[in-house]
Structures are given as structure tokens and as C-alpha cells.
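Side chains included, hydrogens not; waters and symmetry mates left out as well; all remaining heavy atoms used. Bear in mind the structure is a predicted one, so any value in this text is a computation, not a measurement. First listed ligand is number 1; within each ligand, the first listed atom is number 1.
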Amino acid sequence: MPTSTQDADQLRVGVVGAHGNVGREICAAVRAADGMRLVAEVDQGVPMQDLVDNGAQIIVDFTHPDVVMDNLAFCIDRGIHCVVGTTGFTDERLATLTERLGSKPDVGVLVAPNFAIGAVLMMRFAEMAAKFYESTEIIELHHPGKADAPSGTATRTARMIGAARQDAGLDAMPDATSTQLDGARGAEVDGVRVHAVRLRGLVAHQEVIFGTEGETLTVRHDSMSRTSFVPGVLLGVRNIAAHPGLTVGIEPLMGLD
Ligand SMILES: NC(=O)C1=CN([C@@H]2O[C@H](COP(=O)(O)OP(=O)(O)OC[C@H]3O[C@@H](n4cnc5c(N)ncnc54)[C@H](OP(=O)(O)O)[C@@H]3O)[C@@H](O)[C@H]2O)C=CC1
Ligand SMILES: O=C(O)C1=N[C@H](C(=O)O)C[C@H](O)C1
């Protein structure tokens, strides 16, 4: 609830997961950004009701796949727009959100597996390359505190590559493996092998390796710091109210779709 004319011009933003690795960076960025004000910092032990009591118009969620759906239900039902970085979004979860948004047609929810501009470009470049190569595998590399494997970014990249291969009529990838230890060939997502590395010292990294007779191509992105996610999140915060309904990925906000 704005208290002055100056406040009335500001987007009132709440961060959920405010004490986490990414949440801390987002709080600092919102505090420093023109045209927005940080009105609530929710984390374990701080109730979601704080968002309502402090008049949040938009939330940014970087929490955990186990809790994000409840957080979003709370916000959607109260007419609060949501910018969501938390991973774990299956088609079923996205359908649940769309259904919930049906009764709140003015509310916008942006779910993006990766807010780093370079990661979005990496996915797009990989999608473009996919039809030209017989083989493609993905290696994602993250800090050891990550809950989910493979990463949301790797899953999305694999699905984009799988769709591009299908559109191009490519056959399954060549692979003569006939004996293996469980997990040695990674997880399969839409026909694409995905390998997950968890290593102290890393932040968030991904390589997409393409191969065909006589050549390979590697497309790689590195988030060296969690500040890499900030510009994409602020882009979402500034634009989400003008995009009611569910938006997946920041591509449309970057002018890529
Ligand atoms: N889309 C993107 O660009 C990116 C997405 N991510 C994703 O964002 C999520 C968070 O990542 P990260 O910041 O590294 O994780 P952290 O574990 O560092 O932070 C999550 C924070 O949320 C808190 N939390 C857990 N449950 C709740 C709840 N019910 N209500 C409020 N707060 C809660 C945690 O508290 P506690 O630790 O006490 O449980 C913690 O402070 C992950 O799913 C990750 O994959 C990460 C980076 C970029
Ligand atoms: O947990 C992380 O750290 C990250 N999660 C997202 C994912 O699963 O893709 C985005 C980025 O890779 C960092």
C-alpha cells in the first residue's frame, strides 16, 4: 500500500526465498533498481501473508521445487503477479498453473528455467544447430547444493533439441552401447542424453555437444556468478503485468519469439 505519490509509481516487489543463493542477489537488485521497491522478504519462518500485508504486486520466487506450487497458488489467488525461477516444472505443473490462472485473467505468471541472457541464447543456438547433427549430448554442471537433476535448463534444452530433430525427421542417435553401469549414459530426455555434474566451486554451466561425420560443435554457457540471473529477472518484473496468463521462458520478453 503506497504511502506517497512517489511510492505510487513504484512496482511493489516481494521476494520468496529471499535468504537463498539467488534470492539474496534479487533482493539487492530490486533495492537498487529504479521504479521498484522491495516490500517483503519471505523465507522459511516468514509467512507468505507478509506479501499481502505489505501490498506486494509482484513476487519473485527462488525457493525449492517442493514448495513453489503452493507459493504460486497463494499469490495467484490474491491477484499477485509471479516471476518464477524455481525449477521442477513438468507439463502437468504448467497445466495446473494455467487452470488456476483461468479464474484470475489479469494475473501474469512467468516461469523461466534460466534467467541468464546467455543461457537463453545458448538454448536457442542449440535448437538451431540440432537438425544439422547426427548426435547431440548435453552436459550440465552445477554447485553441489542443487536439489534437482538434470537441471531445468538442461531439460528444456533437450526438449527443444528433441522437437527440432523430430521436425527435421532425424533418426535416433547412433549408440552401440550394449553393456553399462546404471547412469553411465546419463538420463534420456526426449531422445537426448543429459549428464549432470555436481562440483564444489561451480555455479551453473552447460555444454551442448553436437557431432556428425568429421566434426563436432560445442555450444557452452557459464554463469560465473548468480548476478547473471538478475537482468532477466528484472526484465520479468517490469513486464509481467502486461503479460497476463502463463509465460514460459523470457524469450518473448527479449524479442526472440
Ligand atoms: N531460473 C533460473 O534462472 C535459476 C533457477 N534457480 C532455481 O531456483 C531455486 C533456488 O535456487 P537457490 O537460490 O540456489 O537455492 P537456495 O537453497 O540457496 O535458496 C532457496 C531459499 O528458499 C528457502 N525456502 C525453502 N522453502 C521455502 C518456503 N516454503 N517458503 C519460503 N522460502 C523457502 C530456503 O530456505 P532453507 O534453505 O532454510 O530451506 C532458501 O533460503 C532452485 O530450484 C534452482 O534450481 C537457480 C538459479 C537460477
Ligand atoms: O540450481 C541452480 O543453481 C540453477 N538452476 C536452474 C536450472 O536448474 O536450470 C538454472 C541455472 O542452471 C542455475
S.K.: By number and element, which atoms of ligand 1 are closer than 4.0 Å to a non-hydrogen atom of Val22?
M.R.: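 Near Val22, the atoms of ligand 1 are 13 (O), 46 (C), 47 (C).
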S.K.: Please state which protein non-hydrogen atom is closest to atom 5 (C) of ligand 1 and give its distance, to 0.1 Å?
M.R.: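 Of the protein heavy atoms, Gly85 O, 3.0 Å lies nearest.
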S.K.: Using the rule side-chain hydrogen bond (donor to acceptor under 3.5 Å, both in side chains), only one of Gln206, His221, Arg124 pairs with Thr157; which is it?
M.R.: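 When Gln206, His221, Arg124 are each tested with Thr157, the side-chain hydrogen bond (donor to acceptor under 3.5 Å, both in side chains) holds only for Gln206.
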S.K.: Mark yes or no for whether Ser223, through its side chain, and Ser228, through its backbone, hold a donor-acceptor pair below 3.5 Å.
M.R.: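 A pair under 3.5 Å: no.
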S.K.: Is Arg31 salt-bridged to Glu41, going by a charged N under 4.0 Å from an acidic O?
M.R.: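 Yes.
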S.K.: My question is simple, although I want it checked carefully: is atom 37 (O) of ligand 1 less than 4.0 angstrom from any protein heavy atom?
M.R.: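 For atom 37 (O) of ligand 1 the answer is no, since every protein heavy atom stays at 4.0 Å or beyond.
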S.K.: Looking only at heavy atoms, which two atoms of Asp50 and Ala40 are closest? And how far apart?
M.R.: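 It is O-CB, 4.0 Å.
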S.K.: Just wondering, are more than 12 heavy atoms of other shown residues or ligands nearer than 6.0 Å to CG in Asp66?
M.R.: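 Yes - once you tally the heavy atoms of other residues, nucleotides and ligands closer than 6.0 Å, there are more than 12.
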S.K.: Can you pull out the closest protein heavy atom to atom 32 (N) of ligand 1? Residue, atom name and distance to 0.1 Å, please.
M.R.: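 Nearest protein contact, heavy atoms only, for atom 32 (N) of ligand 1 is Asp43 CA, 3.4 Å.
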S.K.: Just to confirm my output: which protein heavy-atom neighbour is closest to atom 3 (O) of ligand 1, and how far is it?
M.R.: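 I find the closest protein heavy atom is Phe115 N, 2.8 Å.
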S.K.: Output yes when Asp77 and Arg100 qualify as a salt bridge under the 4.0 Å nitrogen-oxygen rule, no when they do not.
M.R.: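 Salt bridge: yes.
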S.K.: What protein heavy atom is closest to atom 28 (C) of ligand 1, reported as residue, atom name and distance in Å?
M.R.: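 Sorting protein heavy atoms by distance from atom 28 (C) of ligand 1 puts Val67 CG2, 3.9 Å first.
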S.K.: With heavy-atom distances below 4.0 Å as the criterion, list the atoms of ligand 1 near His19.
M.R.: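 Near His19, meaning under 4.0 Å from one of its heavy atoms, ligand 1 has 41 (O).
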S.K.: Check each atom of ligand 1 against the heavy atoms of Phe229 and keep those under 4.0 Å away; list them by number with element.
M.R.: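 It comes down to these atoms of ligand 1: 3 (O), 47 (C), 48 (C).
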S.K.: Can you list everything that forms a ring pair (Phe, Tyr, Trp, His ring centres under 6.0 Å) with Phe210? Sequence neighbours excluded, please.
M.R.: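 Residues passing ring pair (Phe, Tyr, Trp, His ring centres under 6.0 Å) with Phe210: Tyr133.
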S.K.: Would you mind checking which non-hydrogen protein atom is closest to atom 1 (N) of ligand 1, with the distance to 0.1 Å?
M.R.: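 Among all protein heavy atoms, the one nearest atom 1 (N) of ligand 1 is Ala112 O, 2.9 Å.
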S.K.: Heavy-atom contact under 4.0 Å between Gln44 and ligand 1?
M.R.: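 Yes, Gln44 has heavy atoms under 4.0 Å from ligand 1.
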S.K.: With heavy atoms only and a cut-off of under 4.0 Å, state how Pro113 meets ligand 1: side chain, backbone, both or neither.
M.R.: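 Backbone only; the side chain of Pro113 stays clear of ligand 1.
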S.K.: Starting from the N and O atoms of ligand 2, collect every protein N/O partner closer than 3.5 Å and put each pair on its own line with the distance to 0.1 Å.
M.R.:
from, atom 1, to, atom 2, distance (Å)
ligand 2, 1 (O), Lys146, NZ, 2.9
ligand 2, 3 (O), His143, NE2, 2.9
ligand 2, 5 (N), Lys146, NZ, 3.1
ligand 2, 8 (O), Lys146, NZ, 2.7
ligand 2, 8 (O), Gly152, N, 2.8
ligand 2, 9 (O), Gly152, N, 3.3
ligand 2, 9 (O), Thr153, N, 2.8
ligand 2, 9 (O), Thr153, OG1, 2.5
ligand 2, 12 (O), His142, NE2, 2.6

S.K.: Give the residue, atom name and distance (to 0.1 Å) of the protein heavy atom nearest atom 8 (O) of ligand 1.
M.R.: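 The closest heavy atom on the protein side is Phe62 CD2, 3.4 Å.
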S.K.: Considering heavy atoms of the protein only, find what lies nearest to atom 10 (C) of ligand 1 and give residue, atom and distance to 0.1 Å.
M.R.: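 So the nearest neighbour among protein heavy atoms is Thr63 O, 3.2 Å.
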S.K.: Do Asp91 and Arg93 meet the salt-bridge criterion of a basic N to acidic O distance under 4.0 Å?
M.R.: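 Salt bridge absent between Arg93 and Asp91.
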S.K.: A quick test of your reading: do over 12 heavy atoms of other residues, nucleotides or ligands sit less than 6.0 Å from CD of Glu99?
M.R.: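 Counting neighbours around CD of Glu99, 12 or fewer heavy atoms of other residues, nucleotides or ligands fall under 6.0 Å, so no.
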S.K.: Can you confirm whether Glu92 is buried at CD, in the sense that more than 12 heavy atoms of other residues, nucleotides or ligands lie under 6.0 Å from that atom?
M.R.: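 Result for CD/Glu92: open.
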S.K.: Among all protein non-hydrogen atoms, which one is nearest to atom 18 (O) of ligand 1, and what is the separation to 0.1 Å?
M.R.: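 Sorting protein heavy atoms by distance from atom 18 (O) of ligand 1 puts Asn21 N, 2.9 Å first.
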S.K.: Within ligand 1, which atoms have a heavy atom of Thr87 less than 4.0 Å away?
M.R.: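 Those atoms are 42 (C), 43 (O), 44 (C), 45 (O).
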S.K.: Quick one: are Arg156 and Phe89 in side-chain contact, heavy atoms under 4.5 Å?
M.R.: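 With C-beta onward as the side chain, the pair stays apart.
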S.K.: List ligand 1 atoms under 4.0 Å from Lys146, heavy atoms only on the residue side.
M.R.: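 Listed by number with element: 45 (O).
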S.K.: Evaluate the salt bridge (Lys or Arg N to Asp or Glu O under 4.0 Å) criterion for residues Lys104 and Asp106: first the C-alpha distance (whole Å), next the side-chain angles of each, then the deciding distance (0.1 Å), finally the verdict.
M.R.: CA-CA 6 Å; Lys104 292 282 178 182; Asp106 296 333; over 6 Å; no
S.K.: Show me the donor-acceptor pairs within less than 3.5 Å that the side chains of residues 190-203 make with the rest of the protein, sequence neighbours left out.
M.R.:
from, atom 1, to, atom 2, distance (Å)
Arg193, NH1, Arg185, O, 3.4
Arg193, NH1, Gly186, O, 3.4
Arg193, NH2, Glu188, OE1, 3.1
His195, NE2, Glu137, OE1, 2.7
Arg198, NH1, Glu140, OE1, 2.6
Arg198, NH2, Glu140, OE1, 3.4
Arg198, NH2, Glu140, OE2, 2.9
Arg198, NH2, Asp148, O, 3.1

S.K.: Taking only distance into account, with no hydrogens and no angle test, what donor-acceptor pairs under 3.5 Å do side-chain atoms of residues 109-123 form with protein atoms, sequence neighbours excluded?
M.R.:
from, atom 1, to, atom 2, distance (Å)
Asn114, OD1, Ala116, N, 2.9
Asn114, ND2, Thr153, OG1, 3.0

